[in-house]
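Below is one structure, written out as structure tokens, with a few remarks after it.
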Amino acid sequence: MVINLVQKYAFFCIQSLSLNFNSKYFMLQIKYIESNKELVTQSLKKRNWGDTQLKIVQKLIETNEQRKSAQLKMDQALSEHKKKAELIQGLYKSGEVTKANELRTEVQQAKETIKAMELDFKHRTQQLEELLLQIPNIAHQDVPTGKSEEDNQIIKTGQDTLPSPIPGAKPHWELAEAYQLFDLKTAAKITGSGFVLFTGKGAKLQRALISFFLDEASKAGYLECMPPYMVNEQSARATGQLPDKEGQMYHITEDNLFMIPTAEVPVTNIYRDLIVKAEDLPIKLTAHSPCFRREAGSYGADVKGLNRVHQFDKVEIVQIALPEKSYEILDKMVSYVEGLIIKLGLPYRIVRLCGGDLGFTAALTYDFEVYSVAQKKWLEVSSVSNFESYQSNRLKLRYKDEKGKNRLCHTLNGSALALARIYAAILENYQTESGIKIPEVLVPYCGFDRIT
RNA sequence: GGAGAGUUGGCCGAGUGGUCGAAGGCGCACGCCUGGAAAGUGUGUAUACGCCAAAAGCGUAUCGAGGGUUCGAAUCCCUCACUCUCCGCCA
């Protein structure tokens, strides 16, 4: 059954392998934008940018021109300045003190002008950087146009028919109450709404899932990491949480640290400011972490139980890859995540995000949804993305190519998997009239095969 | 939290106002030597931005980060971050 599904999946892999990879331009840097203005504009339109917003592209190019001419002026002035300083030194050595002093006064006066030039250059560079931070990643050509999640493309459904609920099927929050698996009320007392207190077999199931996911990732060649759960501003900026998702993170203002919204942030930042060897690629990392998300403003029907919480556990997989390999790797990662869901025996589908739903930093994203049988609802449990060189550019993560030139790596990541919702789906899909069965792969991790 | 000592290239390490992007060593790459290797020996070996159609070349910046003093800063002054040692507190 598992093999069969994997084979079916191969068809989809081959399809997306045919994506054409433009090897010459793969950075989202100012140089890229300058030479690909049309493509960038098209991509922004795909992300539903209006004409007013699109003006930023032109502004970017103009600002860069200004920056360049400012640098040229500054460099020339500095060069002259340096030469004069050397001259003064020579004059002192040869005993021509009067001449030296004269020149000193002259140079002293020129300092003001140079300072102004430096300031001008700095301002323009900053201005450019601020503008660049506002440009999202170029959407891959396969990204469908669309405004919201309704326009996402379902590219695969794991099963022909959806399972039907047993008579009297309960949503997971009712099951949790019945079997004392987790307690939202007490968590709300301790912390606030949107937090969870797991207890007994409920807590053990949670731990089992984490261990299972980490072991699977190790088997697939990912290096296990345990990163810090708070990051500094620079790290948050490098992976693109700042400035785009400012309000999504918990911010510890006193120390200016952010609670991580995903392990992607600390794990990817391991490689910030590094130049890696091409032969070391791909680098494969995995980590479990709690994920903290404020989810400000998202209230409504879909927040019940574990559907949307402020703290949930997740195992993340991250890869750093050669640009020409990244889409092949994206397919492998998608296939890996699919394998996990199949092992857990949950009904699922794979969705390709449309331009309106695509994250700021991603070029192409596949979401995994599992079917929650009692809620009769699809729950997003994984998101696998290729960021191409977008994060690398911010991370300054590069590798040396055959010619010894430094080029930006590509980064990819995916949830494998997000616990809270997978947990909910397991409870609902595995409920029987006499208790909840434990999926076979988890039994060795749990130490029990039923919750009664 | 208090006191002190540090932070220099891939690594080690010299350098307390000038010719220092930085001695020396290790490593790495290429060559010579060798039957082959080691040893020996020679050369090369940072990053970013800019000028140039591009390469070559050239310019500028970078010695933890940011400011300042100076004609000139790795070197002097200030602020911050990190590392180490001691004290305090603590799982």
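Throughout, a chain's letter reflects where its sequence line sits, starting with A, and its residues are numbered from 1.
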Should [N] form a Watson-Crick or G-U wobble pair with both distances under 3.5 Å, which nucleotide is its partner?
| N | answer |
| --- | --- |
| B:C11 | B:G25 |
| B:A54 | none |
| B:G6 | B:C82 |
| B:C49 | B:G59 |
| B:C89 | none |
| B:G36 | none |
| B:G31 | B:U41 |
| B:U69 | none |

Whole angstrom value for the distance that separates [atom2] of [N] from [atom1] of [X]:
| X | N | atom1 | atom2 | value |
| --- | --- | --- | --- | --- |
| A:D120 | B:U60 | CG | P | 19 Å |
| A:D255 | B:G1 | CG | P | 9 Å |
| A:N406 | B:U45 | CG | P | 15 Å |
| A:Q234 | B:C80 | CD | C1' | 13 Å |
| A:D75 | B:G57 | CG | P | 19 Å |
| A:M117 | B:U60 | CE | C1' | 13 Å |
| A:Q29 | B:G50 | CD | P | 10 Å |
| A:D273 | B:G10 | CG | C1' | 15 Å |

| said: Go nucleotide by nucleotide along RNA chain B from the 5' end; which of A:K122 and A:N64 gets its closest nucleotide reached first? | reply: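 Going by which nucleotide is closer to the 5' end, it is A:N64.
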
| query | Of A:Q76 and A:K400, whose nearest nucleotide on RNA chain B comes first from the 5' end? | reply |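 Result of the comparison: A:K400.
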
Using the [atom1] atom as the reference point in each nucleotide, state the distance between [N] and [M] in Å, no decimals.
| N | M | atom1 | value |
| --- | --- | --- | --- |
| B:A23 | B:C12 | C1' | 14 Å |
| B:U62 | B:U8 | C1' | 12 Å |
| B:C11 | B:G1 | P | 30 Å |
| B:C49 | B:G44 | P | 26 Å |
| B:G67 | B:A14 | P | 29 Å |
| B:U41 | B:G50 | P | 43 Å |
| B:G72 | B:A54 | C1' | 36 Å |
| B:U83 | B:C20 | P | 35 Å |

| query | What is the per-nucleotide protein-contact pattern of nucleotides 69-79 of chain B, from the 5' end, where B denotes a base atom under 4.0 Å from a protein heavy atom, S denotes such proximity for sugar-phosphate atoms only, and - denotes neither? | reply | SBBS-------

Please determine if a side-chain N or O atom of [X] lies less than 4.0 Å away from the OP1 or OP2 oxygen of [N].
| X | N | answer |
| --- | --- | --- |
| A:R67 | B:C49 | no |
| A:R398 | B:U47 | no |
| A:K82 | B:C20 | no |
| A:S79 | B:G59 | no |

Any side-chain heavy atom of [X] sitting closer than 4.5 Å to one from [Y]?
| X | Y | result |
| --- | --- | --- |
| A:R398 | A:Y271 | no |
| A:L128 | A:I30 | yes |
| A:L257 | A:V231 | no |

| Hey, would you say the A:Y327 and A:H410 ring centroids sit under 6.0 Å apart? |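 A:Y327 vs A:H410: aromatic centres not under 6.0 Å.
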
| task | Please confirm whether A:F198 and A:Y423 have ring centers closer than 6.0 angstrom. | result |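 Yes: the rings meet the under 6.0 Å criterion.
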
| Results of side-chain hydrogen bond (donor to acceptor under 3.5 Å, both in side chains) for A:Y92 - residues two or more places apart only |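 Testing A:Y92 for side-chain hydrogen bond (donor to acceptor under 3.5 Å, both in side chains), a comparison that skips the adjacent residues, returns A:N101, A:R104.
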
| Residue pair A:S372 / A:E428, side-chain donor-acceptor N/O under 3.5 Å |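 Yes, A:E428 and A:S372 have a side-chain donor paired with an acceptor closer than 3.5 Å.
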
| field | Pair A:E38, A:Q42: side-chain N/O donor-acceptor within cut-off below 3.5 Å | value |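 Yes.
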
| said: Counting only heavy atoms from other residues, nucleotides and ligands, does the tally under 6.0 Å from NZ of A:K400 exceed 12? | reply: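 Counting other residues, nucleotides and ligands, NZ of A:K400 exceeds 12 neighbours.
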
